[in-house]
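First comes the structure, then the notes that go with it.
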Amino acid sequence: MKGIQNLRVDYSGDVLDLKDFNKNPIKEFENWFEFAKTNDVIEPNAMILSTLSKNSINSRTVLLKDITDEGFVFFTNYTSVKGNDIRENDNVSSVFLWKKIEKQVIIKGSASKIKAEDSIKYFNSRPRKSKIAAWASLQSTKLNDSNDLAERFKYYENKFENKEIPYPEFWGGYIIKPLSVEFWQGRSSRMHDRILYKKESKNWSICKLYP
Ligand SMILES: Cc1cc2nc3c(=O)[nH]c(=O)nc-3n(C[C@H](O)[C@H](O)[C@H](O)COP(=O)(O)O)c2cc1C
């Protein structure tokens, strides 16, 4: 397509100093996440999550909803494509792109379901309509007519009218326990900076990578 080859942005970040990086990449991620938030990155918790099925790699956006000492938590329908993929192969990769601050973080690791009680707690904190939407969506299955979704939404709205909306067992959180985390900073003239953490038994190794 005409013009694409001329789209070019020169970044301006500073060189990353290994000395400034926390020994624990989850803690370092929290620092970068706070920086993204305070610099008004829109939806800094949006990440591209890739999972593996037998014959393809499937990518989509999900929202990070918690960071614990163990890893990174997102919520979804357990019977979706991603849910089925993770059941077969727990290796996942997720990418945060924060264009405004010229940063990227790539997390690779293993995904597992969080405890049901934690999923229930988060589900109960969601707005009523989001709860109904979780019940109404047969996520990732074929929708023949948009009215079918609207009708399912209405059905659950009526069913749970004036009641607490129960937790749907097919929905909940996954935690990604990281095995590697890469922090990327855009710099001038494509001389970008990359810092890679890798889990080696219980400790983290840390090194720089060529851009
Ligand atoms: C900004 C953004 C945030 C999203 N957040 C979530 C999320 O937290 N959980 C989720 O299941 N889907 C989320 N989605 C929808 C997914 O990208 C995807 O369409 C859906 O989960 C089905 O994916 P699958 O068929 O690959 O399992 C989000 C989409 C966008 C664009």
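What's counted below: heavy atoms across the whole structure, side chains too, no hydrogens, waters or symmetry copies. Ligands are counted one by one from 1 in listed order, and the atoms in each one are counted from 1 as well.
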**OP:** Could you list which atoms of ligand 1 come closer than 4.0 Å to a heavy atom of Ser140?
**Re:** 22 (C), 24 (P), 25 (O), 27 (O)
Subject >> Element-labelled atoms of ligand 1 that are located less than 4.0 Å from some non-hydrogen atom of Glu43 >> reply: 1 (C)
Original post:
Judging by distance only, is a nitrogen or oxygen of Val81 under 3.5 angstrom from one on ligand 1?
Top reply: yes
**OP:** Measure Gln139 to ligand 1 on non-hydrogen atoms and call it side chain, backbone, both or neither using the 4.0 Å cut-off.
**Re:** side chain
Subject >> cation_pi(Lys103, Trp32) dist<6.0 Å, angle<=45 >> reply: yes
Original post:
Less than 4.0 Å between a side-chain N and a carboxylate O, is that true for Glu34 and Lys37?
Top reply: yes
**OP:** Would you mind checking which non-hydrogen protein atom is closest to atom 8 (O) of ligand 1, with the distance to 0.1 Å?
**Re:** Leu63 N, 3.0 Å
Original post:
Could a heavy atom of Phe75 be found less than 4.0 Å from some atom of ligand 1?
Top reply: yes
Original post:
Given Phe160 and Lys131, is the side-chain contact (heavy atoms from CB on, under 4.5 Å) satisfied, shown in steps?
Top reply: CA-CA 10 Å; Phe160 299 134; Lys131 292 181 187 169; over 6 Å; no
Original post:
Do Lys82 and Thr76 get their side chains close enough for a donor-acceptor pair, meaning under 3.5 Å?
Top reply: yes
Subject >> Heavy-atom protein neighbour under 4.0 angstrom from atom 19 (O) of ligand 1 >> reply: no
Original post:
Using the benzene-type ring in the case of Trp, are the ring centres of Phe75 and Phe123 under 6.0 Å apart?
Top reply: no
**OP:** Output yes when the distance from some N or O of ligand 1 to some N or O of Val62 is under 3.5 Å, and no in every other case.
**Re:** no
Original post:
What residue and heavy atom of the protein are closest to atom 2 (C) of ligand 1, and at what distance?
Top reply: Thr61 CG2, 3.6 Å
**OP:** Answer yes when Asp69 and Lys27 have at least one side-chain N-carboxylate O distance shorter than 4.0 Å, and no when they do not.
**Re:** yes
Subject >> Element-labelled atoms of ligand 1 that are located less than 4.0 Å from some non-hydrogen atom of Thr76 >> reply: 10 (C), 11 (O)
Subject >> Taking atom 23 (O) of ligand 1 as the reference point, the nearest protein heavy atom with its distance >> reply: Lys82 NZ, 3.2 Å
Subject >> Ser56 versus Asn58, side-chain donor and acceptor atoms under 3.5 Å >> reply: yes
**OP:** Could you check atom 26 (O) of ligand 1 against the protein and tell me its nearest heavy-atom contact, residue, atom and distance included?
**Re:** Arg60 NE, 2.7 Å
Original post:
With no hydrogens and no angle check, do the side chains of Thr51 and Arg60 hold a donor and an acceptor under 3.5 Å apart?
Top reply: yes
